[in-house]
There are 2 protein chains.
Amino acid sequence: MKENRVPEVTIRRLSTYLRYLKELEERGETVVSSAQLAKACGLNAAQVRKDLAYFGEFGIRGVGYYVKDLYEHLKKILGLNREWRLAVIGIGNLGTALLNFRDFLKENYKIVAAFDKYPEKVIGRVAEQMGRPVEVLHIDRLKEVAKERKIDIAILSVPPSEAQKVADLVVEANIRGILNFTPVQLKVPKGIIVKNAYFTTVLDNLVYYLQFRRR
Amino acid sequence: MKENRVPEVTIRRLSTYLRYLKELEERGETVVSSAQLAKACGLNAAQVRKDLAYFGEFGIRGVGYYVKDLYEHLKKILGLNREWRLAVIGIGNLGTALLNFRDFLKENYKIVAAFDKYPEKVIGRVAEQMGRPVEVLHIDRLKEVAKERKIDIAILSVPPSEAQKVADLVVEANIRGILNFTPVQLKVPKGIIVKNAYFTTVLDNLVYYLQFRRR
DNA sequence: GGATGTGAAGTCGTTCACAGCT
DNA sequence: AGCTGTGAACGACTTCACATCC
């Protein structure tokens with residue numbers, strides 16, 4: 001084990017391993033090899049071992065890794081052994097879908113608030129779609145509610161024109177993490193962590209490689 | 001200009017440049033420097049120049065790049081100078097949001113079909129949310145309709161348990177590109193291009209860096 | 001003068017190959 | 001015998017630094 005700086009790509013792959021391990025556990029598998037993990041995730045076995053070695057020695061030579069054990073370790077490493085409290089800001093179509101996104105619940109994520117500039121406009125539609133009443137608060141209450149409900153992360157699904165302004169409010173509300181679904185490159189103070197999840201970029205990327213193929 | 005293999009990260013950044021250039025154009029700016037582009041996108045100026053140099057010499061020494069000119073070039077390079085025809089498969093909450101996602105229209109993307117396993121179940125809700133009637137077809141018609149409507153790309157927003165099965169149908173329907181919103185590592189034949197857009201991975205990543213901070 | 005384009009240097013991540021443990 | 005953990009080799013991307021051209 002070496003406590004070097006861990007590459008961000010390694011962290012991303014850890015999530016992938018975690019999901020596969022969960023699957024293995026549900027299937028009742030008890031042991032997995034780096035080769036098997038690598039194959040399932042489309043990677044090289046040495047890379048899997050290197051990724052894990054950043055954090056300790058979890059395997060047994062000649063055997064492999066215990067599924068349950070590795071699963072728990074990775075969960076802890078990723079910080080998913082505690083609850084993370086999310087707020088969705090911007091309750092348009094995407095925001096509504098995110099409010100409803102069940103995968104968040106499987107991990108230790110919990111959506112504890114929803115905000116919009118015009119809560120009265122969206123609340124009816126949202127309740128309708130979700131099949132239950134939903135509380136959408138005015139964005140002006142962000143700071144107050146963030147403290148009250150201990151919001152850890154803001155999910156930003158507002159229009160691009162509002163993105164920077166809302167990001168500033170998020171920072172102001174002492175929320176340290178932003179999952180940014182807008183195409184805007186947010187400017188935030190040091191210490192605030194932003195990850196971009198705008199998917200047109202991914203689509204553009206797909207198209208680049210697609211354009212050289214005949215159909 | 002060197003016609004080397006272009007790194008995928010470069011392609012991703014090109015999308016970012018494209019969006020900033022559009023913004024500049026709308027603001028009426030005519031010229032931009034690599035330093036300015038770099039700053040706006042949070043990168044190093046040399047990197048911007050290297051990225052562009054993979055595809056030609058678009059700049060003018062001592063001046064910079066003409067905004068409109070570079071914009072058009074990048075659009076062409078990325079393959080966005082023609083229309084791309086999308087189908088959304090799996091019309092749950094996310095699928096519905098994607099059907100409604102206006103950003104796709106700004107680029108040369110056009111959603112030409114929607115599929116689900118139970119179209120009759122979702123069609124009412126979707127129409128309601130979109131404020132207009134929407135045609136959701138049964139997944140069995142994928143191959144037929146793909147040919148008819150010249151579908152280029154399938155956007156996969158089905159449950160994980162169905163993902164591989166549906167991906168197989170997409171391949172069978174001669175669609176060559178998949179934007180995968182499921183957490184599943186899809187297995188597809190060579191020549192088919194898959195890009196993953198599952199965002200819990202990004203959230204996990206955010207949390208990793210967040211866990212070391214006090215709140 | 002000033003910003004591009006680009007070899008060369010530097011940094012970072014991946015893969016190899018094998019020693020070491022079970 | 002088999003699979004992990006890891007130095008060393010390799011390859012890829014980034015940044016520097018400067019010659020080049022407008």
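Protein chains get the first letters and strands the later ones, always in sequence-line order, with residue 1 at the start of each.
Going from atom CG of Asp51(A) over to atom P of dG5(D) covers 12 Å, rounded to whole Å. In this entry the distance linking CG of Leu43(A) with P of dT15(C) reads 8 Å, nearest Å. Asn44(A) has its CG atom 17 Å from the P atom of dT6(D), to the nearest Å. Rounded to an integer number of Å, the gap from Glu8(A) CD to dG13(C) P is 10 Å. Following rounding to the nearest Å, Lys39(A) (NZ) and dT15(C) (P) show an atom-to-atom distance of 17 Å. As rounded to whole Å, 13 Å separates atom C1' of dC3(D) from atom CG of Leu37(A). At whole-Å resolution of the value, CZ in Arg49(A) and P in dC18(C) are 14 Å apart.
Considering only residues two or more places apart in sequence or on other chains, Glu25(B) meets the side chain to side chain donor-acceptor pair (under 3.5 Å) condition with none of them. In this structure Arg61(A) satisfies the salt bridge (charged side-chain N to carboxylate O under 4.0 Å, His left out) test with no other residue, sequence neighbours excluded. Residues passing the side chain to side chain donor-acceptor pair (under 3.5 Å) test with Asp168(A) are Gln164(A), sequence neighbours excluded.
Centroid-to-centroid, the aromatic rings of Phe104(B) and Phe101(B) come within less than 6.0 Å.
Judged by atom type and distance alone, Lys50(A) reaches the base of dT15(C) through a side-chain donor-acceptor pair under 3.5 Å.
For DNA chain C, the residues of residues 58-68 of chain B within the heavy-atom distance limit of 4.0 Å (strictly under) are Phe58(B), Gly59(B), Ile60(B), Arg61(B), Gly62(B), Val63(B), Gly64(B), Tyr65(B), sorted by number. Contacts of residues 10-29 of chain A with DNA chain D (heavy atom under 4.0 Å): none.
Evaluation of the side-chain hydrogen bond (donor to acceptor under 3.5 Å, both in side chains) test over residues 94-104 of chain A, restricted to residues two or more places apart or in two chains, returns Thr96(A)-Arg125(A), Asn100(A)-Asn93(B), Asp103(A)-Tyr198(B).
Not one side-chain nitrogen or oxygen of Ser33(B) sits closer than 4.0 Å to the OP1 or OP2 atom of dA3(C).
In this structure, Phe181(B) and Phe199(A) have perpendicular ring planes: the angle between them is above 60°, well past the 30° mark.
Checked against dT14(D), dG13(C), dT6(C), the side chain of Gln47(B) finds its nearest nucleotide in dT14(D). When distances run from any side-chain atom of Ala46(B) to the nucleotides dT14(D), dG13(C), dT6(C), the shortest one goes to dT6(C). For Glu57(A), the listed nucleotide lying nearest its side chain is dT6(D); candidates were dT4(D), dT6(D), dT14(D).
Side-chain atoms of Asp152(B) and Tyr109(B) form no donor-acceptor pair, as typed in the model, at a separation below 3.5 Å.
Put simply, CG on Leu179(A) and CG on Leu98(A) are 8.0 Å apart, with the number rounded to the nearest 0.5 Å.
Remark: Phe58(B) CZ is packed, more than 12 non-hydrogen atoms of other residues, nucleotides or ligands lying under 6.0 Å away.
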